[in-house]
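Presented below is the structure to which this report refers.
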Amino acid sequence: MRRLAFACLRRLTRLTRLTRLSWLSWLSWLGCLGCVSLLAGPFCMRAALAQAPVLRDPVRVETPAPRKAASAPSAERPRDARVAYWADGWRGWHFYEDPDLEASPDRQAPLRSKHDDGTPPRRATSPAQAPAAAERAPELVEFEQLQRTLQDLRHIAIMRPTEVNVRRYMALEASVVARASHFADVAQRVAWATPELDPTVQGRPVNAKALEVFEQRQRDDRSSTVDALGRDHVLLFFFRSDCPYCHAFAPTLRGFEERHDLQVVPVSLDGGPLPNYPSPRRDNGIASALKVTQVPAVFLAQPFNATITPIGFGVLSESQLLERIATVSTPESQAMLPGAMRRLALP
């Protein structure tokens, strides 16, 4: 210490001679430097501690207690040896740490690559899914795999149309088409052996001779139905005397009336007659009530219960009149389209 003090005095004397300053001036400068060092000391110490983690207090790590015997079950919950991130301040806050995965009861256990005997493992299923998986037919699984494979090969061939990819997709598609053709052949033979499943026997036939017989029987049934309607039904025929379509349709309607004995009531919207109906009734507002906006128009009416059902608009053939009148008069047709019927008081 004495040597250090004498060395400082020598240097101070030398600086005094060189700078020609007095001892008092040098002592005042040294006092100022001491004050500055006292004021800046704590800040410098904090910065040094922040940059040097070794100078800080180490994190306390509790010494784990010795393990107990296996026979004595431990009631305490084991503590995580890793310190929580909020306790490690020296790492700072600019980092990311994945949270621990909580074990849930419905989380499936990880699958092992192979069992001890070398067989591939099965995915663990819940008790509710086990019966559904057991009841699933193997044909459905095979069909879904085939469909998925065909779709994947098609997508690969579209995105990368090389010869190998296109050939592979076309080969699989040909095998699928062959299966579908075999299914169609089996279905056809089943239909031949089962009349109730044959569409050519049930409903409208496709054979020309059978179709001729079917249509003749259908015309006879419709004619008998229309003849029965002539007892309590009439046809309302709305027309205009200057309408060429009404002039073309009037002879057909007149012949239908004479053949099936179904009375036709002609109603002229402009008051003019037709050659086949020289004395028609004038419109008294019934055309507006029925919303007749186009002529010729034909309606089937029953005066006893005042129900009116539209048959058609425009020029119709005799077969069309027969078909439509027989169809709309059935209870099934009335229940199918109840909004088409009107209830008006006929004059």
Side-chain angles (χ1 to χ4, degrees), residues 203-205 211-347:
R204 189 180 184 88
L211 184 60
E212 183 180 353
V213 175
F214 175 80
E215 290 179 351
Q216 183 62 38
R217 291 189 58 185
Q218 196 175 46
R219 282 194 297 267
D220 295 341
D221 295 340
R222 290 172 178 174
S223 298
S224 61
T225 303
V226 173
D227 294 342
L229 291 175
R231 303 169 186 171
D232 55 356
H233 287 73
V234 295
L235 287 179
L236 297 179
F237 174 41
F238 295 90
F239 65 92
R240 297 178 62 90
S241 60
D242 57 349
C243 173
Y245 299 100
C246 300
H247 284 268
F249 177 59
T252 303
L253 187 61
R254 190 69 174 181
F256 182 83
E257 177 185 5
E258 294 176 354
R259 186 173 293 107
H260 297 284
D261 197 16
L262 183 62
Q263 182 184 359
V264 175
V265 179
V267 180
S268 177
L269 300 184
D270 58 353
L274 291 177
N276 297 98
Y277 296 99
S279 56
R281 295 187 181 185
R282 297 184 61 88
D283 182 23
N284 59 354
I286 189 174
S288 300
L290 295 176
K291 299 179 181 179
V292 178
T293 58
Q294 184 177 352
V295 291
V298 179
F299 288 79
L300 179 66
Q302 186 178 18
F304 296 101
N305 55 10
T307 58
I308 303 177
T309 306
I311 299 299
F313 299 85
V315 179
L316 300 175
S317 64
E318 189 173 345
S319 61
Q320 288 178 326
L321 286 172
L322 188 65
E323 177 185 1
R324 295 189 182 190
I325 294 174
T327 302
V328 301
S329 61
T330 59
E332 294 81 5
S333 178
Q334 296 175 2
M336 185 184 303
L337 196 64
M341 296 181 59
R342 297 284 192 275
R343 292 186 178 275
L344 298 175
L346 298 178

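Computed over heavy atoms, backbone and side chain alike; hydrogens, waters and symmetry mates excluded.
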Non-hydrogen side-chain atoms of L321 and L253 separated by less than 4.5 Å: yes
I'd like to check E257 versus L235 (side-chain heavy atoms, cut-off strictly below 4.5 Å). Are they in contact? no
Between NE2 of H233 and CZ of F299, what distance do you get to the nearest 0.5 Å? 14.5 Å
Give me the one residue out of V264, I311, V298, I308 that meets side-chain contact (heavy atoms from CB on, under 4.5 Å) with L236. I308
With a 4.0 Å cut-off on N to O distance, would you call R222 and E215 a salt bridge? no
Which heavy atom of S268 sits nearest to which heavy atom of G271, and what is that distance? OG-N, 2.9 Å
Within 6.0 Å of CG in D261, more than 12 heavy atoms from elsewhere: no
Can you tell if the side chain of S223 reaches within under 4.5 Å of the side chain of L322, non-hydrogen atoms only? yes
Which distance, rounded to the nearest 0.5 Å, do you find between the CZ of R259 and the CG of D227? 11.0 Å
Test item: H260 side-chain N/O and S224 main-chain N/O as donor-acceptor pair under 3.5 Å: no
For residues R240 and D270, report the shortest heavy-atom separation together with the two atoms involved. CA-OD1, 3.8 Å
Interatomic distance, CD@Q218 vs CG@L211, rounded to 0.5 Å, equals 9.5 Å
Could you report the tightest heavy-atom contact between P296 and C243, atom names first, then the distance? CD-SG, 4.4 Å
Taking every non-hydrogen atom, the tightest pair across V328 and P310: CG1-O, 4.4 Å
Within a strict 4.5 Å, meaning less than it, do heavy atoms of the I325 and L262 side chains meet? yes
Note: A326 and V226 closest approach over all heavy atoms is N-CG2, 4.4 Å
Write down the atom of Y277, the atom of A250, and the distance for their closest heavy-atom approach. CE1-O, 4.1 Å
Is it the case that more than 12 heavy atoms not belonging to F313 sit under 6.0 Å from its CZ atom? yes
I'd like to check F249 versus L316 (side-chain heavy atoms, cut-off strictly below 4.5 Å). Are they in contact? yes
Would you say the side-chain atoms of D283 pair up with the backbone N or O of I286, donor to acceptor, closer than 3.5 Å? yes
Interatomic distance, E318 atom CD to Q320 atom CD [nearest 0.5 angstrom]: 11.0 Å
Do L274 and F237 come close enough that some side-chain heavy atom pair is under 4.5 Å? yes
